[in-house]
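Down below is the structure, laid out as structure tokens.
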Amino acid sequence: MREQIGFFREFARHPVWTGAIAPSSKWLARCITSELGIETARVVAELGPGTGVFTKAIHERRAKDALQIAVEINPQFAERLQHRFPDVSVVNESAEHLSQIVQRLGHQEADAVISGIPWAVFPEELQSNLLDAIFATLKPGGKFATFAYLHGAWLPPGARFRKMIGTKFSQVIKTPVVWRNTPPAFVYRCQK
């Protein structure tokens with residue numbers, strides 16, 4: 001409950017940064033982290049981890065010697081995440097710098113990127129810049145997963161985002177709706 005209150009407080013302070021009124025559910029976390037090869041990945045990057053629901057799911061799936069990176073722009077969330085997950089490399093920076101972050105941490109590319117950032121509230125230029133950063137960071141054949149809320153997927157920013165990922169990635173698969181999330185959401189699984 002404390003996590004939900006903290007999340008709502010950050011939403012009230014920075015609604016565009018936070019993008020949601022409640023943390024993602026464990027069911028959405030299971031869906032977004034499945035079928036990405038996290039268990040054999042050397043580098044997994046997460047964008048917009050918030051309170052760490054996806055971070056925890058990645059942490060439970062990844063190999064113990066893999067590098068797990070969490071890029072969080074909100075300093076309060078970043079500080080809490082680093083305390084909660086001391087063996088995760090938490091970086092308080094914009095996801096637009098993903099390639100440089102991965103390189104600073106001693107790697108050239110990532111095997112998988114998972115995003116919890118609020119795509120539908122971002123302008124087109126920022127959506128494009130972030131997708132370019134993700135694409136540039138992924139190794140050939142690397143996988144990217146993000147989610148969209150059911151109600152927002154058909155609004156202009158959501159439709160624009162869907163079209164954009166279709167032009168950047170060779171494969172885009174949409175999962176069934178995760179009804180046990182507030183609000184209901186589905187996952188886009190993409191491959192470079």
Side-chain angles (χ1 to χ4, degrees), residues 16-17 19-20 24 28-29 31-50 53-55 57-58 61-63 66-74 78 81 88-149 152-175 185-192:
V16 174
W17 280 5
S24 298
L28 184 59
C31 183
I32 203 166
T33 57
S34 66
E35 299 183 36
L36 294 180
I38 292 172
E39 297 80 2
T40 58
R42 304 302 316 133
V43 178
V44 180
E46 179 187 7
L47 312 179
V53 175
F54 297 167
T55 311
I58 296 165
R61 285 181 180 260
R62 72 170 170 91
L67 174 63
Q68 181 178 351
I69 305 166
V71 182
E72 176 56 61
I73 200 166
N74 180 306
L81 273 173
V88 172
S89 296
V90 178
V91 181
N92 180 215
E93 198 170 329
S94 170
E96 291 175 281
H97 307 131
L98 183 59
S99 288
Q100 296 94 324
I101 292 166
V102 170
Q103 289 171 13
R104 278 198 318 257
L105 293 170
H107 295 269
Q108 294 304 308
E109 56 197 9
D111 300 280
V113 175
I114 294 171
S115 172
I117 60 178
W119 296 100
V121 300
F122 291 160
E124 184 174 1
E125 182 179 0
L126 182 55
Q127 285 181 342
S128 183
N129 290 346
L130 289 165
L131 283 173
D132 287 345
I134 291 164
F135 193 84
T137 304
L138 281 171
K139 72 177 190 177
K143 295 185 178 177
F144 166 58
T146 191
F147 72 94
Y149 294 122
W154 314 115
L155 296 175
R160 179 182 65 229
F161 176 73
R162 170 60 182 95
K163 184 177 179 184
M164 208 178 281
I165 59 175
T167 63
K168 293 192 186 283
F169 291 91
S170 64
Q171 180 183 43
V172 178
I173 296 169
K174 185 179 129 194
T175 69
F186 59 86
V187 171
Y188 290 120
R189 290 192 190 116
C190 310
Q191 185 165 355
K192 182 174 178 178

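- Across every non-hydrogen atom of G48 and E72, the tightest pair is C-OE1, 3.5 Å.
- Scanning all heavy atoms of the two residues, the minimum distance from C31 to T175 falls at SG-OG1, 3.7 Å.
- Salt-bridge annotation for K192 and E109: absent, with no side-chain N of the basic residue lying under 4.0 Å from a carboxylate O of the acidic one.
- Of all heavy-atom pairs spanning G116 and F147, the tightest one is CA-CE2, 3.8 Å.
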Side chains of residues 135-146: which donor-acceptor partners sit under 3.5 Å, not counting sequence neighbours?
| residue | atom | partner | partner atom | Å |
| --- | --- | --- | --- | --- |
| T137 | OG1 | S99 | N | 3.3 |
| T137 | OG1 | S99 | OG | 2.8 |
| T137 | OG1 | A133 | O | 2.7 |
| K139 | NZ | D111 | OD1 | 2.9 |
| T146 | OG1 | S115 | O | 3.2 |
| T146 | OG1 | W119 | NE1 | 2.8 |

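- When each of V187, L36, L47 is tested with I114 by the rule side-chain contact (heavy atoms from CB on, under 4.5 Å), just one qualifies, namely L36.
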Would you mind writing out the side-chain donor-acceptor pairs for residues 152-163 within the sub-3.5 Å range, not counting sequence neighbours?
| residue | atom | partner | partner atom | Å |
| --- | --- | --- | --- | --- |
| R160 | NE | Q127 | OE1 | 2.9 |
| R160 | NH2 | F122 | O | 3.1 |
| R160 | NH2 | Q127 | OE1 | 3.4 |

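- Considering every non-hydrogen atom in both L67 and S89, the closest pair reads CD1-OG, 3.5 Å.
- Using a 4.5 Å heavy-atom threshold, the side chains of Q103 and Q108 count as touching.
- Of the inter-residue distances, the one linking S94 atom OG with I101 atom CD1 reads 7.5 Å to the nearest 0.5 angstrom.
- At a threshold of 4.5 Å between non-hydrogen side-chain atoms, the residues I173 and E35 do not count as touching.
- Defined by atom type and a distance below 3.5 Å, a donor-acceptor pair is missing between the side-chain atoms of S34 and R61.
- When all heavy atoms of Q68 and T55 are compared, the pair lying nearest together is NE2-O, 3.1 Å.
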Is there a side chain to side chain contact (heavy atoms under 4.5 Å, CB included) between L126 and E96? Walk through the geometry before answering.
CA-CA 8 Å; L126 182 55; E96 291 175 281; 3.5 Å; yes
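- Scanning both residues, Y188 and A148, for their nearest heavy atoms gives CE1-CB, 4.0 Å.
- When the side chain to side chain contact (heavy atoms under 4.5 Å, CB included) test is applied to E125, the partners found at least two apart in sequence or on another chain are N129.
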V71 vs L98, side chain to side chain contact (heavy atoms under 4.5 Å, CB included): CA-CA, chis, key distance, verdict
CA-CA 8 Å; V71 182; L98 183 59; 4.1 Å; yes
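- A side-chain contact (heavy atoms from CB on, under 4.5 Å) with I69 holds for exactly one of I58, V90, V44, L105; it is L105.
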